Q: 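The structure under discussion is supplied below as structure tokens; questions concerning it will follow.
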Amino acid sequence: MTDASRWSLPTFLVCAALLPVSAQARPATPSLTCAEASALVTQAGAIVMSTGPTTYARFVRDGGFCPLPETTQPAWERTRDDPTCFVGYTCRDKFNEGQGRD
């Protein structure tokens, strides 16, 4: 093994770790139209969207995207053109609704 090949991978890994990583921004329901927000949920099946400056939620197309024993609950969010837009569903525990887990 030559000196160049021995140092190539470690050098690459160090350089790659130093490069800035750009995080993908979450879609924000207040900046989307109702049709755009609901289409994102429908297309993705499950998606996390910002609902305000410091809040977010996971929205799902149907119960198939919820872990057991959770079920769906309709989700209404503020969008650019509708203050009560039906964007899809959120997942909720069907046995301990509002009680938390023990």
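Keep in mind it's a predicted model, so treat the numbers as computed, not measured.
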Q: Does atom CZ of Arg61 have more than 12 heavy-atom neighbours, drawn from other residues, nucleotides or ligands, at distances under 6.0 Å?
A: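 Enclosed: over 12 neighbouring heavy atoms sit under 6.0 Å from CZ of Arg61.
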Q: Flag yes if Tyr89 and Trp76 sit in one hydrophobic cluster, no otherwise; membership is Ile, Leu, Val, Met, Phe, Trp, Tyr, and two members link when side-chain heavy atoms are under 4.5 Å apart.
A: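 Same cluster: Tyr89 reaches Trp76 through Ile, Leu, Val, Met, Phe, Trp or Tyr contacts under 4.5 Å.
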Q: So which pairs with a foot in residues 35-87 pass disulfide bond (SG atoms under 2.5 Å apart), sequence neighbours left out?
A: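 Listed once each, the pairs are Cys34-Cys85, Cys66-Cys91.
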Q: Can you tell me how far the OG atom of Ser50 sits from the CD atom of Glu77, to the nearest 0.5 Å?
A: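 Between Ser50 OG and Glu77 CD, I get 10.5 Å after rounding to 0.5 Å.
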Q: Is a donor on one side and an acceptor on the other found under 3.5 Å between the side chain of Arg92 and the backbone of Thr71?
A: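 Pair absent, no side-chain N/O of Arg92 close to backbone of Thr71.
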Q: For the residue pair Lys94 and Pro69, what are the closest heavy atoms and their distance?
A: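 Closest heavy-atom pair between Lys94 and Pro69: CG-O, 3.0 Å.
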Q: How close do Phe65 and Ala44 get, heavy atom to heavy atom, and via which atoms?
A: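 Scanning both residues, the minimum pair turns out to be CE2-O, 4.5 Å.
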Q: Other than Val87, what residues sit in its cluster of Ile, Leu, Val, Met, Phe, Trp and Tyr side chains whose heavy atoms are under 4.5 Å apart, directly or through others?
A: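 The other cluster members (ILVMFWY side chains, heavy atoms under 4.5 Å, direct or chained) are Leu32, Leu40, Val41, Ile47, Met49, Phe59.
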